[in-house]
Amino acid sequence: MGAIYAIANQKGGVGKTTTAVNVAACVAEAGRETLLVDLDPQANATVGLGVAKDLEPNAYDCVSGTATLEEAEVETAIPNLRLVPSTPELAGAGVELPRLPGSETRLRDALAGVRERFLFTVLDCPPSLGPLTVNALVAADKVIVPVQAEYFALEGLAGLLDTLGLIRREMNPGLSVAGMLLTMHDGRTRLSQDVEREVREHFPDLVFDTVIPRSVRVGEAPSYGVPVTQHDPASAGALAYLRLAREVAARG
Ligand code: ADP
Ligand code: MG
């Protein structure tokens, strides 16, 4: 049976989408059936996988109930990796969702049966704790929290963990934190080293051993519409995401 991972942090630009795309690609390239659901109206994961952001049906239709997941899934250029694409329309879901019945469980309902078809399902969340992220956390088994190795990294993490606790108590008792992931780490700078030490001290059991380095290759891969594992498989960023995929699997 497969597992569903949400990639969440209400901060923007911390590496959620980059992590969602590249971990999904690593798992898929290892031969496991993988699904990425792009839940961000900015559709960066969709475009980063070389898929158009105006396809129908899409993630919006799945959440609003007008299409099934299977109808919305498309192939990607990566073997074993399918995508439910996003659309700018999803921005409207943030407003509409709370008015719909069962507004917090709509994605969970849409994902019913997904664990039988995919070993690894990844939900790329928008940069907020709004209705779409809540839907993702209610649907997920585990959460990966990317943390940018920058000043203010810890800011907001306590709030995020509170939200996870609330969702676990009220709606999804099976939810757990797979781990926090340090991203855009630059080992040459004092700042990155300090942030890493601080995050590991604060959350000793939660932080992945794997750290994602800041890498030009990782940053430019989306402009080619491919994960970094295809853009430059031997690059430090690609190898780091491969290590992360193994660590995620090992943590179970
Ligand atoms: P989020 O989804 O949390 O908003 P993204 O994954 O889109 O964050 O990353 C924000 C920006 O940083 C993007 O332009 C992305 O390409 C870049 N980026 C992410 N990770 C790295 C990295 N390890 N090295 C270099 N650039 C990165
Ligand atoms: Mg994103």
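Remember, it's 1-based here, ligands and their atoms both numbered in the order they're listed. Please read all numbers here as calculations on a predicted model, not as lab measurements. Start at 1 with the first residue, then count along the sequence.
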> Distance below 4.0 Å between atom 21 (C) of ligand 1 and any protein heavy atom?
Replying inline: yes
> If you measure from each heavy atom of Ile212 to ligand 1, is any distance below 4.0 Å?
Replying inline: yes
>> Under 3.5 Å between any N/O of Gly15 and any N/O of ligand 1: does that happen in this structure?
In response: yes
> the Mg ion (ligand 2): which protein N, O or S atoms are under 2.8 Å away?
Replying inline: Thr17 OG1
> Have Asn80 and Thr34 got a donor and an acceptor in their side chains that come within less than 3.5 Å?
Replying inline: no
> Is there a donor-acceptor pair under 3.5 Å between the side chain of Lys53 and the backbone N or O of Ser86?
Replying inline: no
> Within the side chain of Lys11, is there an N or O that forms a donor-acceptor pair under 3.5 Å with the backbone of Val147?
Replying inline: no
> Just distances here: any N/O of Thr19 and N/O of ligand 1 closer than 3.5 Å?
Replying inline: no
> Does the pair Asp186 and Ser192 meet the rule for a side chain to side chain donor-acceptor pair (under 3.5 Å), with working shown?
Replying inline: CA-CA 6 Å; Asp186 185 345; Ser192 275; 5.8 Å; no
> Counting both backbone and side chain atoms, is some N or O of Gly13 under 3.5 Å from an N or O of ligand 1?
Replying inline: yes
> Side chains of Glu96 and Ser64: donor-acceptor distance under 3.5 Å anywhere?
Replying inline: no
> Side chains of Asp61 and Thr66: donor-acceptor distance under 3.5 Å anywhere?
Replying inline: yes
> For atom CZ of Arg32, is the number of surrounding heavy atoms from other residues, nucleotides or ligands below 6.0 Å larger than 12?
Replying inline: no
>> With a 4.0 Å cut-off on heavy atoms, is Pro213 in contact with ligand 1?
In response: yes
> In ligand 1, which numbered atoms sit nearer than 4.0 Å to a non-hydrogen atom of Val14?
Replying inline: 1 (P), 3 (O), 8 (O)
>> In terms of relative ring orientation, are Tyr224 and His231 parallel, tilted or perpendicular, with 30° and 60° separating the classes?
In response: parallel
>> For a quick check under 3.5 Å, do Thr19 and Tyr241 share a side-chain donor-acceptor pair by atom type?
In response: yes
>> Salt bridge check, Arg251 against Glu247: does any charged N sit closer than 4.0 Å to a carboxylate O?
In response: yes
>> Within the structure, is a non-hydrogen atom of Gly237 found at a distance of less than 4.0 Å from ligand 1?
In response: no
> For ligand 1, does Pro127 get within less than 4.0 Å through its side chain, its backbone, both, or neither, judged by non-hydrogen atoms?
Replying inline: neither
